[in-house]
Amino acid sequence: MTAVLEFTPDQATSLVGEVMARSGQNLNACYQCRRCASGCPVGEETGYLTPDRLIRMIVLGKREAALDNPLVWKCVSCFTCGTRCPNDIMTSRIVDTLKKMAKEAHVPPSSPKVAAFHDSFVAASKRLGRLNELEFMGRYLLKTTLGGLVKLKFREVIEEHKSQAGLGVTMLRKGRMHFRIQKIKGKQEFRRLIKKGRERAMGLSKSPASQE
Amino acid sequence: MELAYYPGCSLKSSSEIYDVQCKRVLSAIGINLHELDDWNCCGATSASKVDDFIAVAMPARNLGIADASEYTELVIPCSACYSRMLVAQKILEFDRSLLDEINAELSNKVIGRTKILSILEAIQPVVSSADFVKRVTRKLEGLKPACYYGCMQTRFSYGVPVLDDVENPQGMETILESLGATPLDWSYKTDCCGASAAVNENDTSILLMSKIMKDAIARQANCFVTTCPMCQLNLDAYQEKVRAKYGIAQSMPVYFITELVGVAVGLPLEDLGLDRHFVDAMELLKELNINE
């Protein structure tokens, strides 16, 4: 993060406007006090790209950099930045907005496993109305390792399976794994909700965050 | 006391022991739990990263079921479920058009009359009542817990009123002190364990957990106590890996708060699932003679 960020007015207005509307956060209120930065548990992991810098990036209109950087995917949603911000800017909601914008813009996630985790979680819980951990982990492993198989990175694929299976075996031994399938009875009603979500996502007109 | 109860998916699978404890322990101290009829997954933090609408709509269906029930209060032990349901309730309070849109699909409409309680809010009034001391058959003397709250007991992605101190909560400490334990003051009680990063960014999560463990040990804690099934599973299941990677000699059992309340009021240890931890959770109680 040594490069100087240049200001391009047109790009800045459209990017900051979109992020503010979708995240419901007033990015212009940030005066770079860096309280968020000092509390960010993954600051070391993102090459010191902390919430304050992400906000600055957006305010200056750096769309590509904002959609494709380690903080967007390494943020652990601990909400420390937002609770400590003197201007109540909840950066985790900005980060979540950027995740969705990146997906819409077909920007591949810098941590594909994180994206695969959340996608698999939502897909599995949407299917039966409750999350079944085995189905979820199956979907996740398939998603994360399919890419590796295509690229012939067999070692990575084997390592991933080994590390998750290791935990699985211990969980089984401690009676912490369950094979009973959990599902809801009100499936029709639940599916109507999911369908409405899908229709809204296609319209992309308004998000709950912007309504606050 | 009669409370509606939302266990959530974790408590029906990898953290089933927490579900069992909640029911047995709370009933032993006079709180009867009534599981919400046909509840669904709250979407956890994942839904809010994938789709803004379902992140509210999934918890909303549960809120509708709770509002239609005969109970006024709903206890949610899992921190992620607690957080998502509270946040959804708050969003729907202010966003009437979203509320109408969601309610149009629900057979049980969200009214917003249900009061959501964390497990600590449910237990605390009972434990701090004057005659509770008589029920304590095993004093937790010698137990020096590092009370670990993690992220989602006190920090939220929306402006939800927080009852305890955000950075230095005392709910667990208050409960454990009245059971005879000596909870310690420490610095990492609301730090993040990495949650799902344990699966998808393992190195990050192991690093975060190493910091948590080192501080707890430096304060001479002999166990962790938590309310969150993700925190419990992470600190318990990955502890060996954390210790090996960061050269930490001491191991520490990771108890759920409900477990220790159950021990204190004399419930059999096996009934609480204490034998189903990754890091031995019985040994320490035996050493301190609080297993008899």
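Given the structure is predicted, the values throughout are model-derived calculations rather than measurements.
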Item to complete: Find the one option among B:S14, B:A104, B:G8, B:S15 whose heavy-atom pairs under 4.5 Å with chain A are most numerous.
Response: B:S14
Response to the item:
Looking only at B:D203, B:V166, B:L106, most heavy-atom pairs under 4.5 Å shared with chain A are made by B:L106
Item to complete: Please look at B:Y238 and chain A and tell me whether the side chain, the backbone, both or neither of the residue comes under 4.5 angstrom of a heavy atom of that chain.
Response: side chain
Item to complete: Is it possible for you to check whether A:R93 lies under 6.0 Å from the centre of the six-membered ring of B:Y158, through NZ or CZ, and within 45° of that ring's axis?
Response: yes
Discussion item. To the nearest 0.5 Å, what is the distance between CZ on A:R198 and CZ on B:F53?
Written reply: 11.5 Å
Worksheet entry | Part of B:D37 within contact of chain A (heavy atom distance under 4.5 Å) | side chain
Worksheet item: CZ of A:R200 to CG of B:D52: how many Å apart, nearest 0.5 Å?
Response: 8.5 Å
Fill in: B:W39 side chain near A:R130 side chain, heavy-atom distance below 4.5 Å
yes
Discussion item. Please determine whether side chain to side chain contact (heavy atoms under 4.5 Å, CB included) holds for the pair B:I17 and A:K174, giving the CA-CA distance in whole Å, both sets of side-chain angles, and the decisive distance to 0.1 Å.
Written reply: CA-CA 11 Å; B:I17 55 170; A:K174 295 286 178 184; over 6 Å; no
Worksheet item: Taking the side chain from B:R155 and the backbone from A:C81, do they hold a donor-acceptor pair closer than 3.5 Å?
Response: no
Discussion item. Quick check on B:A60 against chain A: is it the side chain, the backbone, both or neither that has a heavy atom closer than 4.5 Å?
Written reply: neither
Discussion item. Atom CD of residue position A:E64 - does it have more than 12 heavy atoms of other residues, nucleotides or ligands inside 6.0 Å?
Written reply: no
Discussion item. To the closest 0.5 Å, what do you measure between CG (B:L208) and CD (A:E45)?
Written reply: 7.0 Å
Practice prompt. Kindly say whether A:R176 contributes a backbone atom to a donor-acceptor pair with the side chain of B:R276 at under 3.5 angstrom?
Written response: no
Practice prompt. Examine whether an atom of B:D236 lies under 4.5 Å from a heavy atom of chain A, and if so say whether it belongs to the side chain, the backbone or both; otherwise answer neither.
Written response: side chain
Discussion item. Is B:I102 in contact with chain A via its backbone, its side chain, both, or neither, using a 4.5 Å heavy-atom distance?
Written reply: both
Worksheet item: Between A:F121 and B:G43, what is the shortest heavy-atom contact and its length?
Response: CE2-O, 3.6 Å
Worksheet item: Heavy-atom distance under 4.5 Å to chain A: side chain of B:V199, backbone, both or neither?
Response: both
Worksheet item: Out of curiosity, B:S157 OG to A:Q25 CD, how far, rounded to the nearest 0.5 Å?
Response: 9.0 Å
Worksheet, complete the sentence: Heaviest contributor of heavy-atom pairs below 4.5 Å to chain A, chosen from B:K241, B:E105, B:H277, is B:E105
Worksheet item: Would you say A:S77 and B:K49 make side-chain contact, with heavy atoms under 4.5 Å?
Response: yes
Worksheet item: Which bit of B:A57 comes within less than 4.5 Å of chain A, counting heavy atoms only: side chain, backbone, both or neither?
Response: both
Practice prompt. Could you tell me which portion of B:K90 (side chain, backbone, both or neither) has an atom closer than 4.5 angstrom to a non-hydrogen atom of chain A?
Written response: neither
Response to the item:
Honestly, the part of A:R173 sitting under 4.5 Å from a heavy atom of chain B is neither
Worksheet entry | Residue part contacting chain B, namely of A:M171, when any heavy atom lies under 4.5 Å | both
Item to complete: Write down the atom of A:E133, the atom of B:S10, and the distance for their closest heavy-atom approach.
Response: OE2-CA, 4.1 Å
Practice prompt. Check each atom of A:V42 against the heavy atoms of chain B and say whether the ones under 4.5 Å are side chain, backbone, both or neither.
Written response: side chain
Response to the item:
Looking only at heavy atoms, the pair that brings B:S48 and A:K100 closest together is O-NZ, 2.9 Å
Response to the item:
chain A shares the most heavy-atom pairs under 4.5 Å, among B:G150, B:A237, B:G194, B:S107, with B:S107
Item to complete: Determine, stepwise, if the pair B:I54 / A:V122 fulfils side chain to side chain contact (heavy atoms under 4.5 Å, CB included).
Response: CA-CA 9 Å; B:I54 62 158; A:V122 172; 3.5 Å; yes
Discussion item. Counting only non-hydrogen atoms closer than 4.5 Å, does A:T83 touch chain B with its backbone (N, CA, C, O), its side chain (CB onward), both, or neither?
Written reply: side chain
Item to complete: Using a cut-off of 6.0 Å, state whether more than 12 heavy atoms not belonging to B:E93 lie near its atom CD.
Response: yes
Practice prompt. Mind checking the CG-OH spacing from B:N200 to A:Y140? Nearest 0.5 Å is all I need.
Written response: 5.0 Å
Worksheet item: In Å and rounded to the nearest 0.5 Å, what is the CD1 to OG distance from A:I181 to B:S13?
Response: 11.5 Å
Item to complete: Determine the option with the most heavy-atom pairs under 4.5 angstrom with chain A, choosing from B:G273, B:C42, B:A195, B:C192.
Response: B:C192
Discussion item. So if I take each residue of residues 182-197 of chain A and look for any heavy atom under 4.5 Å from a heavy atom in chain B, which residues do I end up with?
Written reply: A:Q182, A:I184, A:K185, A:G186, A:E189, A:F190, A:R192, A:L193, A:I194, A:K196, A:G197
